[in-house]
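These notes concern the structure reproduced below.
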2 protein chains.
Amino acid sequence: MKSQESNSLVEMNEQCKSVAAILKAISHPQRLMLLCHLAEGEKSVGELEGLCGGSQSSISQFLKLMKLENLLVSEKRGLYVYYRIHDSKIKKLVFSLHKIFCR
Amino acid sequence: MKSQESNSLVEMNEQCKSVAAILKAISHPQRLMLLCHLAEGEKSVGELEGLCGGSQSSISQFLKLMKLENLLVSEKRGLYVYYRIHDSKIKKLVFSLHKIFCR
DNA sequence: TAAGTATATTATTATAATATAATATGAAAA
DNA sequence: TTTTCATATTATATTATAATAATATACTTA
C-alpha cells in the first residue's frame with residue numbers, strides 16, 4: 001500500500017519533470033505564437049517571421065530551442081526551411097490552450 | 001480585410017502574452033507537482049510539502065509565485081495555511097495536461 | 001563564379017530564475 | 001509568558017534566459 005503510493009509519487013515526479021520541460025519550452029509569448037501558427041500547418045521561417053514579428057535571429061533561436069525539446073522538426077527545401085509540430089500531443093496541447101483561454 | 005487580419009494578430013499577440021505568463025508560472029517540475037495535487041482539492045502547505053518534497057522555503061516561495069500570478073488563493077485557518085486553485089481554467093489546464101501526457 | 005536571399009550561429013550583455021541558508025512572524029499550547 | 005510549530009520573508013550566490021548585433025553558411029539565380 002505504502003510502496004504503491006510512493007511508487008506513484010515517484011512516477012508523478014518523473015511525469016511532472018518531463019511535462020514541465022515541455023511547458024517551459026512553450027512559455028514565452030513569441031514561442032507560443034510560433035506554435036499557434038504552426039498548429040495550422042507547416043510554415044517557413046520567413047512566413048513565421050512575417051506572422052509573429054521579432055528579429056530574424058530571435059525567431060531562428062526560438063525555433064531551434066523548440067526543435068531541441070522535440071516540439072518541432074524542420075526540413076530544408078530549396079532556399080527555405082520549413083518547420084512543423086513534431087508530436088500530435090503538442091498539437092493537442094495547443095488546441096486545449098486555445099479552447100480554455102481563447103474563448 | 002487587411003485591418004481585420006492585423007487586428008486578430010494583435011489580439012493573438014495579447015492572448016499569447018497572457019497564456020505564456022500562466023504557462024511560465026506552471027513550467028517548473030515542483031510547481032506543476034504542487035498544482036497537480038491541488039487539482040484534487042485544497043491542501044495545507046505542510047501536506048504539500050509531504051506530497052511534493054523540496055524544502056519548506058522553496059515550497060512557500062513557489063506557492064507565493066503562483067498566487068501572484070493568480071493561479072492560487074490561500075486562506076489561513078488556525079495554525080495552517082490552505083492553498084487552492086483559484087481559477088477553473090487552471091484546473092481545466094491541469095486536467096488537459098494529464099489527459100494528454102499521462103496516459 | 002559573383003551576388004543575392006534565407007536561415008543559422010556566435011558573442012555579448014542584461015535580466016530573471018533557482019536553490020539555499022538564515023531569520024522572522026504569528027498562532028497555539030504548555 | 002515562554003515555547004513550539006507552521007509558514008513566510010530576506011539575502012545571496014549560482015545558473016539560465018533573453019535581446020541584440022554581427023557574422024557565417026548555403027542554396028539559387030544572374
Side-chain angles (χ1 to χ4, degrees), chain A residues 13 16-38 41-86, chain B residues 13-14 16-35 37-38 41-86:
Chain A
N13 225 311
C16 281
K17 248 192 230 175
S18 91
V19 174
I22 292 167
L23 294 179
K24 190 175 165 193
I26 301 182
S27 65
H28 182 285
Q30 287 207 256
R31 290 196 298 264
L32 181 53
M33 188 91 168
L34 289 166
L35 268 185
C36 286
H37 285 293
L38 287 170
E42 181 182 79
K43 303 248 179 320
S44 75
V45 178
E47 289 177 286
L48 290 169
E49 233 175 292
L51 289 166
C52 302
S55 70
Q56 186 270 318
S57 177
S58 67
I59 296 277
S60 177
Q61 288 179 72
F62 284 145
L63 290 170
K64 182 186 180 183
L65 187 157
M66 291 195 283
K67 199 177 156 184
L68 279 174
E69 290 296 332
N70 293 305
L71 307 195
L72 304 180
V73 292
S74 67
E75 190 182 338
K76 182 155 195 172
R77 295 205 296 273
L79 197 46
Y80 303 95
V81 177
Y82 294 89
Y83 280 83
R84 59 177 181 277
I85 293 179
H86 173 234
Chain B
N13 225 311
E14 284 310 305
C16 282
K17 249 193 228 174
S18 91
V19 173
I22 293 166
L23 295 179
K24 189 176 166 193
I26 301 183
S27 65
H28 182 286
Q30 287 206 256
R31 290 197 297 265
L32 181 53
M33 188 90 169
L34 289 166
L35 269 185
H37 285 293
L38 287 171
E42 179 183 80
K43 302 248 179 320
S44 75
V45 177
E47 290 177 284
L48 290 169
E49 233 176 291
L51 288 166
C52 303
S55 70
Q56 186 270 318
S57 179
S58 67
I59 296 276
S60 177
Q61 287 180 74
F62 284 146
L63 290 170
K64 182 185 179 183
L65 187 157
M66 290 195 283
K67 200 177 156 185
L68 277 174
E69 291 295 333
N70 293 307
L71 307 194
L72 303 181
V73 291
S74 66
E75 189 181 339
K76 183 155 195 171
R77 296 203 297 273
L79 198 47
Y80 304 95
V81 177
Y82 294 89
Y83 280 82
R84 60 177 181 277
I85 293 179
H86 173 233

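In the text below, chain A, chain B and the rest are named by the order of the sequence lines, each starting its count at 1.
The nucleotide whose nearest atom lies closest to any side-chain atom of A:V81 is, among C:dA8, D:dT7, D:dA16, C:dA8. Listed candidates were C:dT7, D:dA26, D:dT9. Nearest to the side chain of A:K76 is D:dA26. Of the candidates D:dT9, D:dT7, D:dA16, the closest approach to any side-chain atom of B:S57 belongs to D:dT9. Comparing D:dT9, D:dT7, C:dT5 against the side chain of B:V45 picks out D:dT7 as the nearest. If you check C:dT20, D:dT7, D:dA6 against the side chain of B:L79, the one that comes closest is D:dA6. Considering only the side chain of B:F62, C:dT18 comes nearest among C:dT18, D:dT7, C:dT9.
As rounded to whole Å, 11 Å separates atom P of C:dT9 from atom CG of A:L63. The CD-C1' distance, from B:E49 to D:dA8, rounds to 12 Å in whole Å. Atom CZ of B:R77 and atom C1' of C:dG26 are 17 Å apart (whole Å). Note: CG (B:L65) to P (C:dT18) measures 7 Å, nearest angstrom. Atom CG of A:L68 is separated from atom P of D:dA16 by 15 Å (rounded to the nearest Å). We find that NZ of B:K43 is positioned 18 Å from P of D:dA6, with the value rounded to whole Å. Per the geometry, NZ belonging to B:K64 stands 13 Å off C1' belonging to C:dT25, to the nearest Å. Rounding to whole angstrom units, CG of residue A:L34 and P of C:dT7 are separated by 13 Å.
The existence of a salt bridge linking A:E69 and A:K24 is excluded, since no basic side-chain nitrogen approaches an acidic carboxylate oxygen closer than 4.0 Å.
Between B:I59 and B:Q30, some side-chain heavy-atom pair lies under the 4.5 Å cut-off.
Looking at every heavy atom in both residues, B:L35 comes nearest to B:M66 through CG-SD, 3.9 Å. Closest heavy-atom contact between B:V73 and B:H86: CG1-CD2, 3.5 Å. Pairing each heavy atom of A:H37 with each of A:K43, the nearest pair is O-NZ, 3.5 Å.
Using a 4.0 Å heavy-atom distance criterion, A:Y83 is classed as a sugar-phosphate-only contact. Here B:G54 lies out of heavy-atom contact (under 4.0 Å) with every strand. Across all strands, A:K67 comes closer than 4.0 Å to no nucleic acid atom at all (heavy-atom distances).
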* To do: Could you please spell out the steps behind the side chain to side chain donor-acceptor pair (under 3.5 Å) verdict for A:Q56 and A:S60?
  => CA-CA 6 Å; A:Q56 186 270 318; A:S60 177; 4.5 Å; no
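For the OP1/OP2 pair of D:dA26 and a distance below 4.0 Å, the side-chain nitrogens and oxygens of A:Y80 include no atom meeting the criterion. Look at A:H28 and you won't find any side-chain N or O under 4.0 angstrom from OP1 or OP2 of C:dA17. Distances shown here put a side-chain N or O of B:R31 below 4.0 Å from the OP1 or OP2 atom of C:dT18.
A donor-acceptor contact under 3.5 Å is not formed by the side chain of B:S58 with the base of C:dT18. Counting distance only, with no hydrogens placed and no angle test, the side-chain atoms of A:Q56 and the base atoms of D:dT20 include no donor-acceptor pair under 3.5 Å.
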